[in-house]
Amino acid sequence: MGKIGIVFATDTGRTRRIAKLIAQKLGDAADTPININRLTAADLAPYRALILGTPTLGDGELPGIESGSQSAGWLEFLPQLDDQDWSDKTVAIFGLGDQLKYPDEFVDAIALLHAAVTACGARVVGATDVAGYTFKVSRAVVAGRFLGLALDQVNQAALTENRVDAWLSEILPQLRT
Ligand SMILES: Cc1cc2nc3c(=O)[nH]c(=O)nc-3n(C[C@H](O)[C@H](O)[C@H](O)COP(=O)(O)O)c2cc1C
């Protein structure tokens, strides 16, 4: 069985740090995390299982130059998926946001990434409970659950490691099928 790929975009480095934490916890099961701005769609083709990380920037947007990131991110990469078939892939998404400053668009980018990968056929796993967060609206909430793992390093950093541990134990068996 191949390794799990971990890919992230970031503006100020927090999402990279969480990607590294996840990699550390997965040990030999995962490859070293890579910034999406260093990859092409062809680089991801060999993976059957991917963990994708994203902050939400702008007004509930994916990271990229247009949404104010310092470097390229998911906005620049995603058009490459237009002609990709990801129906062999299982994907789990984690997203960073700030629920107090952006309560009407908390971790919206999870939903945008979810839409992009499901459009090319990927199966997405790893929805999580909204309990424990304080926000008003999020596009990432569907049927009462986040479409991935929501993390808030600004206001709830102390909760992150337990959230990551619980999420990984849930998604690992699914990423391996
Ligand atoms: C200009 C700007 C816009 C942001 N917009 C949102 C937003 O719409 N929703 C949200 O949940 N968080 C938003 N955030 C918070 C970031 O997602 C959060 O700070 C995150 O930890 C940044 O991760 P990074 O260090 O990987 O870039 C915004 C932050 C900045 C600086």
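Each ligand, and each atom within it, is numbered from 1 in the order the structure gives.
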Mutual orientation of the aromatic rings belonging to Y133 and F106 [parallel < 30°, tilted 30-60°, perpendicular > 60°]: tilted
side-chain hydrogen bond (donor to acceptor under 3.5 Å, both in side chains) contacts touching residues 143-157 (sequence neighbours left out):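 Listed by first then second residue: D98-N155, Q99-D152, Q99-Q156, D152-N155, Q153-T160, Q156-R163.
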Residues I171, I51; criterion side-chain contact (heavy atoms from CB on, under 4.5 Å); working and verdict: CA-CA 10 Å; I171 66 172; I51 296 177; 4.1 Å; yes
Exercise: do D108 and Y102 side chains pair donor with acceptor under 3.5 Å: no
Pairwise side-chain contact, L112 with R139, heavy-atom cut-off 4.5 Å (strictly under):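 They are in side-chain contact.
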Test salt bridge (Lys or Arg N to Asp or Glu O under 4.0 Å) applied to K25 and E161, step by step: CA-CA 10 Å; K25 288 179 181 291; E161 187 156 7; 2.7 Å; yes
What does the contact table look like for ligand 1 (nitrogen or oxygen on each side, cut-off under 3.5 Å)?
residue: ligand 1; atom: 5 (N); partner: G58; partner atom: O; Å: 3.0
residue: ligand 1; atom: 8 (O); partner: G60; partner atom: N; Å: 2.9
residue: ligand 1; atom: 9 (N); partner: E105; partner atom: O; Å: 2.9
residue: ligand 1; atom: 11 (O); partner: D98; partner atom: N; Å: 3.2
residue: ligand 1; atom: 11 (O); partner: V107; partner atom: N; Å: 3.0
residue: ligand 1; atom: 12 (N); partner: D98; partner atom: N; Å: 3.2
residue: ligand 1; atom: 14 (N); partner: T56; partner atom: O; Å: 3.1
residue: ligand 1; atom: 17 (O); partner: T56; partner atom: N; Å: 3.4
residue: ligand 1; atom: 17 (O); partner: T56; partner atom: O; Å: 2.7
residue: ligand 1; atom: 17 (O); partner: L96; partner atom: O; Å: 3.3
residue: ligand 1; atom: 19 (O); partner: R14; partner atom: NH1; Å: 2.8
residue: ligand 1; atom: 21 (O); partner: R14; partner atom: NH1; Å: 3.2
residue: ligand 1; atom: 25 (O); partner: T12; partner atom: N; Å: 3.3
residue: ligand 1; atom: 25 (O); partner: T12; partner atom: OG1; Å: 2.4
residue: ligand 1; atom: 25 (O); partner: G13; partner atom: N; Å: 3.1
residue: ligand 1; atom: 25 (O); partner: R14; partner atom: N; Å: 2.8
residue: ligand 1; atom: 26 (O); partner: T10; partner atom: OG1; Å: 2.5
residue: ligand 1; atom: 26 (O); partner: R14; partner atom: N; Å: 3.4
residue: ligand 1; atom: 26 (O); partner: T15; partner atom: N; Å: 2.8
residue: ligand 1; atom: 26 (O); partner: T15; partner atom: OG1; Å: 2.6
residue: ligand 1; atom: 27 (O); partner: D11; partner atom: N; Å: 2.7
residue: ligand 1; atom: 27 (O); partner: T12; partner atom: N; Å: 2.9

